[in-house]
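This report concerns only the one structure given below.
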There are 2 protein chains.
Amino acid sequence: MRSEDIARLAGVSRSTVSRVINNYSNVPEETRRKVLKVIEQYNYSPNSSARALAGKRTDTIGLFIVSIAERNSATRVYRNNYFSPFIDAVIDTANARGVYVLVHSIFSVHDYAKIKQAFIERRMDAGIIVGTEKDIGVIAEVAAMGYPLVIIDYSPEDILRLVGKGRIAVINSTDDKGTREIIKYLLDSGHKDIGILAGRDNTYSGRVRYETYRKTLIENGIEPRAEWDLKGEFIKKIAEQAVVRLVKTGNLPTALFCCNDDMAISAMDVLSRENIKVPDDISIAGFDDIMPASLVKPALTTVHVPIYDIAGKAVELVLGMIGDTAMNISTYTMETKLVIRESCKKPV
Amino acid sequence: MRSEDIARLAGVSRSTVSRVINNYSNVPEETRRKVLKVIEQYNYSPNSSARALAGKRTDTIGLFIVSIAERNSATRVYRNNYFSPFIDAVIDTANARGVYVLVHSIFSVHDYAKIKQAFIERRMDAGIIVGTEKDIGVIAEVAAMGYPLVIIDYSPEDILRLVGKGRIAVINSTDDKGTREIIKYLLDSGHKDIGILAGRDNTYSGRVRYETYRKTLIENGIEPRAEWDLKGEFIKKIAEQAVVRLVKTGNLPTALFCCNDDMAISAMDVLSRENIKVPDDISIAGFDDIMPASLVKPALTTVHVPIYDIAGKAVELVLGMIGDTAMNISTYTMETKLVIRESCKKPV
DNA sequence: CTGAAAGCGCTTACAG
DNA sequence: CTGAAAGCGCTTACAG
């Protein structure tokens, strides 16, 4: 069934059928009804490729999940507690707005080209990029092609400086505020020996959380100690090894701030195996508030990152930008919230 | 940049450019190289809409997640521990094969039409449908249009009887074997009073798990008791209420078989609040082996459903079917595996 | 208000 | 082996 068939059946031309479908104002109510009736009767929907080719939108957005770090490990996207709900939330939100979502995962530097390619092939009207190590080069190239892009967790300064012009929105959360709050909470409980299990520092949130941790300690008259400065890279396995090494030194802080919950849960696993009690012997704090955070025992004290709101905002922004061809780089920041559960207590 | 530009730059016709791109055999190596060089130089990729319109594939598959039951609740797909990894695994597998994935969520009966519409609009070459209450009517209609479909968790008999003809593959797991194994495990530990927290019975796996539970008890000379036959509908909230009511009766079984892990975890929450110890006072068994199952305390004894393998198989099958226009309905069954952890022990 | 026609960017018989 | 031409199914100036 093509528009021509509908036209014949309704006794009008293809032009009129198209006008009805695209809701043009200059078609009389009676004609519209007549055409609509046939369309409905035959369950007709225009061929999306033909529409797109003739100049209409694809009504599709691309969602690109970048996770280079985990490329060769078993920890692919589908096991990632952070991205998984984000993907689902984007799909939900976009579908509710009648937009299709093409999801792509980027596992290697070589795969970055796929982002550009998807746009070159005109498969989508706009894109959302989330993940670690987002390639600024690709972002600049897509921006130069004129496609709207929403980027999650990226330094706004870097974008401004390195991309310059484009239709770009950057969404971050208040990692600084969140870090400050949870460190202050530890400080106020009486902790002075607070270690850190840091995330990836080529990640904006990784850097902010790390730097805010240090700044907050120093502001409170405490010098961060190198031996409690662990690198976990946001990855469970690496975090686990770092904590094992820490335990071996026999010199534990009274609290450990883990820059994401995945690492915090890994740390708790190691400590539990070593018979070190959380929170009695050591307090563990996380970040993100992923779903398992409330399920582990003791339940994790952490900073809630509003991942669903971020996803919703990303879709809203990207759809808004499709209709607006103005070159414009904007930044949005979503509120984090301290979530106090059971994994932290006063030091003994 | 269009194929015509490439043609001009390479000194050939559009036909030849197309032949090179589509890897036709009848173009001399030298011509091929010449064209390829220009293509690479300008980073050209054909417009996907134009290709599709001219008769090529879309290189896109649709993934439809149906979860009607959760329509009006806060528990949308993105919070679902079962579908989430499935979505991610399908994307991973398909992307690795160079295929795009259009993901759609179906939350209301009205949304079923979207599945058909996506095919009518020619947005994809084939589809994978997963979830609860998959609409056989829509499946039959899409099948009648000739599109390949892979359906997860559906009664093969129903498909055969109600759809009849189509390019359809059904994938299930060995829910019968899995249920039998975990019930036998409980029985062998000495349990005789084994209750069930059942799933949705309009779901194939829900029915099989329920029926196999009953059958296994009866085969072992035990009559299932009505007061321990709880309806949880696979949904945390409903399961919770059912367990609360059970606890109120004061008449607990020594073991409770929960037809999915989500419900098992809910049950453990309720019991923990009521100060009933798992596994000392009551053993809890689950099904699915979702990620939190190993994280809760006590870690959940459950049946592992190979969700990643199912996703991989679904992609493999669907891609295979795209090239093969034979009408054929086939069935695949993936192996489950008993996973013994800490939530079950001998009855006192 | 409405239709005929051009055009979107490809692929694929067809003819040579 | 290769090009000219038709055609895929739409949308949109254009002309009336």
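Chain identifiers are assigned alphabetically (A, B, ...) following the order of the sequence lines, protein sequences preceding nucleic acid strands; residue numbering begins at 1 within each chain.
Residues from residues 16-24 of chain A lying near DNA chain D, meaning a heavy-atom separation below 4.0 Å, are Ser18(A), Arg19(A), Asn22(A), Tyr24(A) in numerical order. Using a 4.0 Å cut-off on heavy atoms, the residues of residues 27-51 of chain A that approach DNA chain D are Tyr44(A), Pro46(A), Asn47(A), Ala50(A), Arg51(A), listed by number.
Note on residues 156-167 of chain B: pairs passing side chain to side chain donor-acceptor pair (under 3.5 Å), not counting sequence neighbours, are Ser155(B)-Glu157(B), Asp158(B)-Arg161(B). Each salt bridge (Lys or Arg N to Asp or Glu O under 4.0 Å) pair with one or both residues in residues 101-111 of chain A, not counting sequence neighbours, appears once here: Asp111(A)-Lys114(A).
Checked against Leu160(B) for a side chain to side chain contact (heavy atoms under 4.5 Å, CB included), the options Ile168(B), Ile329(B), Val170(B) give a single hit: Ile329(B).
Contacts between chain B and DNA chain D, taken as any atom within less than 4.0 angstrom of a protein heavy atom, begin and end at dC1(D) to dG9(D).
Scored by the side chain to side chain donor-acceptor pair (under 3.5 Å) test, Arg97(B) finds no partners at all (sequence neighbours excluded). Remark: Tyr100(B) pairs with His104(A) by the ring-ring contact (aromatic ring centres under 6.0 Å, His included) rule, at least two apart or across chains. For Tyr147(A), the ring-ring contact (aromatic ring centres under 6.0 Å, His included) test picks out Phe119(A), with sequence neighbours left out. Applying the side-chain contact (heavy atoms from CB on, under 4.5 Å) rule to Lys34(B) yields the partners Val12(B); only residues at least two apart in sequence or on another chain are considered. For Ser15(B), there are no side chain to side chain donor-acceptor pair (under 3.5 Å) partners two or more places apart in sequence or in a different chain.
Within the 4.5 Å cutoff, side-chain heavy atoms of Leu317(A) are placed close to those of Tyr332(A). Using a 4.5 Å heavy-atom cutoff, the side chains of Val315(A) and Ile128(A) are in contact.
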- Item | Watson-Crick or G-U pairs under 3.5 Å in DNA chain C, rendered as dot-bracket with [ ] for crossing pairs and | for another strand | |||.||||||||.|||

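Nearer to the 5' terminus of DNA chain D, by closest-nucleotide assignment, is the contact made by Ser25(B) (compared with the other of Ser25(B) and Arg14(A)).
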Atom pairs and distances, side-chain donor-acceptor, residues 49-58 of chain A, under 3.5 Å, sequence neighbours left out:
| residue | atom | partner | partner atom | Å |
| --- | --- | --- | --- | --- |
| Arg51(A) | NH2 | Asn22(A) | OD1 | 2.4 |
| Thr58(A) | OG1 | Thr60(A) | N | 3.2 |
| Thr58(A) | OG1 | Asp125(A) | N | 3.4 |
| Thr58(A) | OG1 | Asp125(A) | OD1 | 2.9 |
| Thr58(A) | OG1 | Asp125(A) | OD2 | 3.3 |

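Taken from OG in Ser84(A) to CD1 in Ile307(A), the straight-line distance is 10.5 Å, to the nearest 0.5 Å.
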